[in-house]
Protein chains: 2
Amino acid sequence: MHVSIQAPQAKATRALSTAAPATPTPEPLDLLEQFGTTLRIGRDHEIHAEGDAAEFCYRVVSGCVRTVRLMEDGRRQVGEFLLAGDVFGLDELDTHSFAVETVTETVLRRYPRRMVEALAESRPVLARRLRQLALEHLRATQERTLLLGRKTATERLASFVLEFDLPMSRTDIADHLGLTVETVCRVLAALKREGMIQVSRTGLRLLDRSTLLDLACETRH
Amino acid sequence: MHVSIQAPQAKATRALSTAAPATPTPEPLDLLEQFGTTLRIGRDHEIHAEGDAAEFCYRVVSGCVRTVRLMEDGRRQVGEFLLAGDVFGLDELDTHSFAVETVTETVLRRYPRRMVEALAESRPVLARRLRQLALEHLRATQERTLLLGRKTATERLASFVLEFDLPMSRTDIADHLGLTVETVCRVLAALKREGMIQVSRTGLRLLDRSTLLDLACETRH
DNA sequence: CGAGAATTTGAAAGTCGTCAAACGACGTGG
DNA sequence: CCACGTCGTTTGACGACTTTCAAATTCTCG
């Protein structure tokens, strides 16, 4: 889903045209731009809580955020990581089903969902785009159920490093992959030992992409 | 998500009005009815394969179907089980991301997606409904990532029996919950031993719903 | 009624989690 | 500028939950 080489980048199917010289297909979400306001938020801050009324949706301008759910006993799930160009808060019914928090210092553009929904009523192209975004989100989530339900720790990490650089903590990664911090560390160390990757605390370089792809057991790509 | 007491029933938020005496809110999907054809399919048959062009979508009239994905080495994932009233094949982009197979003998109503999409262009109420269905589907899938990533075997089975009767095999259940057949058997036996449920091969009765809810660690309900 | 399949149960192994401690990076304050 | 405390990361030892392998039992259906 991500095409990450060096710096944190947007998803391949990023949701708002940021700086394409001549957008081949116009981005319907750009219709919202006039209703947006810009926010800058320091690292590890909450943007909204789980259960909050879904009043706003957001586009990541720069930085990185995570979606989070907590169980009563403290078990934590990180749903996804979002990078520049990604949008969130659109695929909700009435309330946010995840909390969203910044991973790094982040610049966001915020839009009132009422405007989005209202505009979608009169602009079929926008309505279509909203559904398409929901379907892409759904498909990515389905891909993750396969990872969580059937893949080993090594396969999970291989899948992960193919998608992301590592601006996020080991704990975040663990809670995203259904593992523990310790397992994440051990597997990353093993991948490094075998020459597949090069890891620093907050960065990553892929050394053997093709073997990683095998390990990840990805059908697509 | 399911309100199952005795016979396999539809999801609470079922997608087509089947026989409500006076539907309080008209169901936009009913607009498609004139384009539907009815199919009867024996048990354990494939309705469509993973990767097939998404030409049709379906509504379950009676019976039960499962969505399935396979990894190259044979590991299997059952995405969801669908009962009477549920629809599938709508939340796809161009191709089906899951195979769909019958669990029991099933009667389906089939609709050409071209008609659905075309009709959605002229009928905003239908377009809105399609997105809503996608969002409900997404939320249910997200709920499952928490189950698969963070819940124990017992918690998974508790969640499961609260949603479904058991017209499906232990293998199907295992592949749905990210477990093995043996673990499913053992946990079901334990739940029975402790008086939480009553199990026959293809049926189920809940004896202690409130304890099961605790076990399931559900935030909602 | 009999054969094959699904379910169930048992024993052993393995992967990953838990607990604990050492290490290292970073930021603050002296 | 360096000392120090804190927090995240890493590594080790151990343990447990789940899987694997195997076999017995039960059910289904021809």
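Chain letters run A, B, ... following the sequence lines, proteins first and then strands; every chain starts at 1. Since the structure is predicted, the reported quantities are computational estimates derived from the model, not experimental observations.
- One finds no salt bridge joining A:R150 and A:E155 here, because no Lys/Arg side-chain nitrogen approaches an Asp/Glu carboxylate oxygen to under 4.0 Å.
- Using a 4.0 Å cut-off between charged nitrogen and carboxylate oxygen, A:R113 and A:E92 do not count as a salt-bridge pair.
- Here the P atom of nucleotide D:dG8 and the CG atom of A:L166 are 17 Å apart, to the nearest Å.
- Distance, A:L157 CG to D:dT9 P: 13 Å, rounded to whole Å.
- Ring geometry for A:H176 against A:F164 counts as perpendicular: the plane angle is over 60°, on a 0 to 90° scale with 30° as the lower cut.
- A:R170 has its CZ atom 14 Å from the C1' atom of D:dT11, to the nearest Å.
- Here CG of B:L215 is found 7.0 Å from CG of B:L191. Values are rounded to the nearest 0.5 Å.
- Rounded to whole Å, the distance from NZ on A:K192 to P on D:dT9 is 14 Å.
- The residue from A:V100, A:V60, A:V61, A:T102 that alone fulfils the side chain to side chain contact (heavy atoms under 4.5 Å, CB included) condition with A:L108 is A:V60.
- Rounding to whole angstrom units, CG of residue B:L188 and P of C:dT8 are separated by 7 Å.
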Completion exercise
With sugar-phosphate taken as primed atoms, P, OP1 and OP2 and all else as base, the protein-contact string of nucleotides 10-26 of chain C at under 4.0 Å (heavy atoms; B, S, -) is BB----SSBB-----S-
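- A salt bridge links A:R40 with A:E105: the closest approach of a Lys/Arg side-chain nitrogen to an acidic carboxylate oxygen falls below 4.0 angstrom.
- A straight line from CG of B:D44 to P of D:dT28 spans 15 Å, rounded to a whole angstrom.
- Taking atom CG on B:L148 and atom P on D:dT18, their separation rounds to 13 Å, with Å as the unit.
- With ring centers used as reference points, B:F88 lies under 6.0 Å from B:Y58.
- In summary, of the residues considered (A:R76, A:R75, A:R66), a salt bridge (charged side-chain N to carboxylate O under 4.0 Å, His left out) with A:D175 occurs for A:R76 alone.
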Completion exercise
Note, DNA chain D 5' to 3' with Watson-Crick or G-U pairs under 3.5 Å encoded as ( ), [ ], | and . gives ||||||||||||||||||||||||||||||
